[in-house]
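Input: a single structure, listed below in structure tokens.
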Amino acid sequence: MSRARARTRTQVRRLTPPRLSPRDVLHVGSAGLRARPMRVFLSALGIAIGIATMIAVVGISSSSQAELLRELDRLGTNMLVAKPGEGMFTGQDTRLPKDAPGMISRIAGVESVGTTGDVAESVRRSENIPKGETGGIVLKAAKDDLLGTLRARMASGTWLNAATGRFPSVVLGDVSARRLGITEPGQQVFIGGRYFTVIGILEPVPLAPEIERSALIGWDAAEQLLGFNGHPTAVYERSADDRVAAVRTLIPRTANPQTPSAVQVSDPSAALQAKAATEGAFSTLLLGLGGIALLVGGVGVANTMIISVLERRHEIGLRRSLGGTKGQIRIQFVTESLLLSGLGGLAGIALGGAATAVYARAGDLPWVVPLWAVTGGFASTLVIGTLAGLYPAVRAARLSPTLALAAG
Amino acid sequence: MTRAHLTTHPTTLPATHPATGPTARPDTVVELTGVTKEYPGGVAALRGVDLTVTAGELLAIVGPSGSGKSTLLHIVGTLDRPTAGGVRIAGYDIAALSDRSLSALRSRHVGFVFQSFHLVPGISARANVAEGLLYSGLSRAERLRRAAEALERVGLGDRMDHRPHELSGGQKQRVAIARAVAGAPDLLLADEPTGALDTASGESVMELLRELNRDGATIAVITHDQEIAASLPRQVRIRDGEIVADRSPAGVAS
């Protein structure tokens with residue numbers, strides 16, 4: 001008796017089912033998919049749409065942000081603008097002194113200075129247009145290295161120089177040019193009773209939107225031809241990056257020693273930085289939509305798997321009779337579900353990446369799809385695949401091998 | 001065939017050395033004692049069945065539908081457990097084995113042939129036969145090699161790459177038989193193997209089973225067909241869950 005029992009026990013130990021190799025697991029897990037490609041396509045499509053939406057939402061906002069950051073990088077964050085502020089008492093002279101630009105340029109660390117001064121004249125297409133129709137265009141006298149300090153670029157024509165700055169020549173901001181209907185240099189605009197020749201048009205100047213809506217003439221021409229008072233209304237300066245804070249505290253006293261409180265100093269790049277930050281915060285609503293699509297896709301996969309188990313009772317029975325364990329049946333169906341959703345995930349990543357590429361190409365943005373979005377998206381499809389496949393797989397494994405074979 | 005031996009040469013046993021080792025091919029392949037199977041609701045499919053099958057036998061388990069022969073097939077094939085009674089298959093006491101171990105036992109010791117073949121559509125005959133060895137622990141290359149061997153043995157050496165839909169019914173059943181014998185099981189269970197075939201193909205399938213038996217395979221054919229049963233050396237007649245006759249050429253009846 002005891003000998004018999006001992007024999008049985010050793011035999012029990014020997015009857016351990018061998019493990020399936022990973023390759024074999026992949027083989028049995030994909031067998032069902034290979035047999036029904038159309039169904040695979042449709043149920044993977046649900047997952048793909050969800051992932052594509054999420055990748056595209058993240059990708060598009062990241063691309064926009066990358067563009068802003070690239071722009072910010074080009075424009076630099078080391079520029080400050082000094083403008084006349086509000087005086088504390090009415091009637092107080094808050095104008096910047098005429099020598100303010102020179103003083104600011106002598107602050108340690110300041111690398112370049114550009115100055116504009118508002119001129120009270122309207123800019124019109126011709127003398128026939130009423131004087132009141134300014135089109136919101138401000139005439140400014142420009143001096144020093146305004147173009148360089150703003151890192152602005154000419155869309156066409158040339159910038160003012162010592163010679164043209166003396167004559168009735170004008171450079172238009174891009175908004176001004178559009179409002180005036182000026183498309184190329186050489187045309188003329190009517191300013192203060194005489195025609196000025198447009199010698200250049202600027203590209204947009206993100207750090208100084210007020211320049212975009214202005215017409216710029218030479219300092220000398222403004223004083224001689226239009227009676228400009230010579231007081232600057234904006235002094236733009238660029239300094240070394242590590243001196244920005246120090247320069248900022250020095251500007252008011254330097255620019256207007258009599259009334260430092262009447263000088264307003266601002267950092268135009270701050271607004272751009274804030275914009276970049278909000279661009280990065282992609283639309284939660286769209287992301288939520290993608291999540292719902294993903295969830296619906298997951299339900300689709302679960303549904304497909306349940307139908308697959310019902311249809312393949314014979315196969316399950318056959319595999320059990322061939323020696324497949326419950327665990328091996330389970331892993332087969334979980335693998336199938338994982339493959340199904342994983343395929344959907346990969347297709348979704350490709351689709352979302354392509355959508356981002358189209359958007360980036362159309363908007364001339366850099367193509368950015370963050371790695372965390374790709375890995376996160378793919379990982380979530382694997383989680384969904386596991387969850388969707390678990391219940392059908394457990395059902396499949398629980399099927400009695402005899403029923404599975406006898407059915408239908 | 002010791003454990004150490006098995007792990008050193010997992011691919012050469014037991015097919016090529018069926019008679020070596022201390023526990024090689026037990027003389028008694030099937031040993032049922034007082035096997036009863038009752039289903040919930042008091043329906044008894046088997047009532048106290050005693051059945052012994054020794055190695056090398058070719059027998060028919062014959063009975064009308066509803067006689068309990070399918071239940072008997074499931075229990076002998078370890079797909080189901082009896083409500084009462086003892087079952088030893090290939091020397092193993094079924095009651096002492098877990099579901100996992102039973103699966104392992106099936107993969108090594110029992111081969112099934114079904115009436116409706118149960119081939120996987122869309123893959124070749126060779127892949128179908130190799131699929132039968134998937135749970136044996138053999139490498140993929142070895143499975144394919146043995147599949148080719150088994151197909152040669154059933155006379156389908158020239159149909160290896162044909163898919164099931166390109167084969168006749170008789171050929172499909174030969175593929176299924178190849179799948180069942182590829183792992184060199186101790187027991188081959190054929191459930192109505194000719195049930196879906198015309199007379200000629202059915203006869204050739206039976207001839208194949210006889211051939212395999214001559215080469216040493218132990219085969220039990222479950223059938224309702226008296227003629228087929230009569231053509232086999234031993235007939236176990238079952239009716240209403242009981243064995244009513246057990247005839248063999250030697251005239252030994254139990």
- Message: Quick check for you: among B:Leu105, B:Asp80, B:Thr78, B:Asp99, which has the greatest number of heavy-atom pairs under 4.5 Å with chain A?
- Response: B:Asp99
- Do any of residues 293-304 of chain A come closer than 4.5 Å to chain B, heavy atom to heavy atom, and if so which ones, in number order? none
- Task: Determine which residues belonging to residues 341-349 of chain A lie within contact range of chain B, meaning some heavy atom pair is under 4.5 Å apart, and list them by number or answer 'none'.
- Result: none
- Item | Under 4.5 Å from a heavy atom of chain B, the part of A:Glu315 involved | neither
- Message: For chain B, which candidate among A:His27, A:Arg23, A:Arg319 shows the most heavy-atom pairs at distances under 4.5 Å?
- Response: A:Arg319
- Task: Would you check if there is a donor-acceptor pair between the side chains of B:Arg106 and A:Ser321 at a distance under 3.5 Å?
- Result: no
To the nearest 0.5 Å, what is the distance between [atom1] on [X] and [atom2] on [Y]?
| X | Y | atom1 | atom2 | value |
| --- | --- | --- | --- | --- |
| B:Tyr135 | A:Arg19 | OH | CZ | 15.0 Å |
| B:Glu131 | A:Leu318 | CD | CG | 8.0 Å |
| B:Arg100 | A:Leu15 | CZ | CG | 11.0 Å |

- Message: Counting only non-hydrogen atoms closer than 4.5 Å, can you tell me which residues of residues 112-119 of chain B sit against chain A?
- Response: B:Phe112, B:Phe114, B:His118
- Name all residues meeting the salt bridge (charged side-chain N to carboxylate O under 4.0 Å, His left out) criterion together with B:Arg163; count only those two or more places apart in sequence or in a different chain, and write none if there are none. none
Does atom [atom1] of [X] have more than 12 heavy-atom neighbours from other groups under 6.0 Å away?
| X | atom1 | value |
| --- | --- | --- |
| A:Arg398 | CZ | no |
| A:Arg70 | CZ | yes |
| A:Ile331 | CD1 | no |

- Where does B:Ser136 contact chain A at under 4.5 Å (heavy atoms): side chain, backbone, both or neither? backbone
- Apply side chain to side chain contact (heavy atoms under 4.5 Å, CB included) to A:Gln328 and B:Leu134, showing your working. CA-CA 11 Å; A:Gln328 283 164 340; B:Leu134 181 67; over 6 Å; no
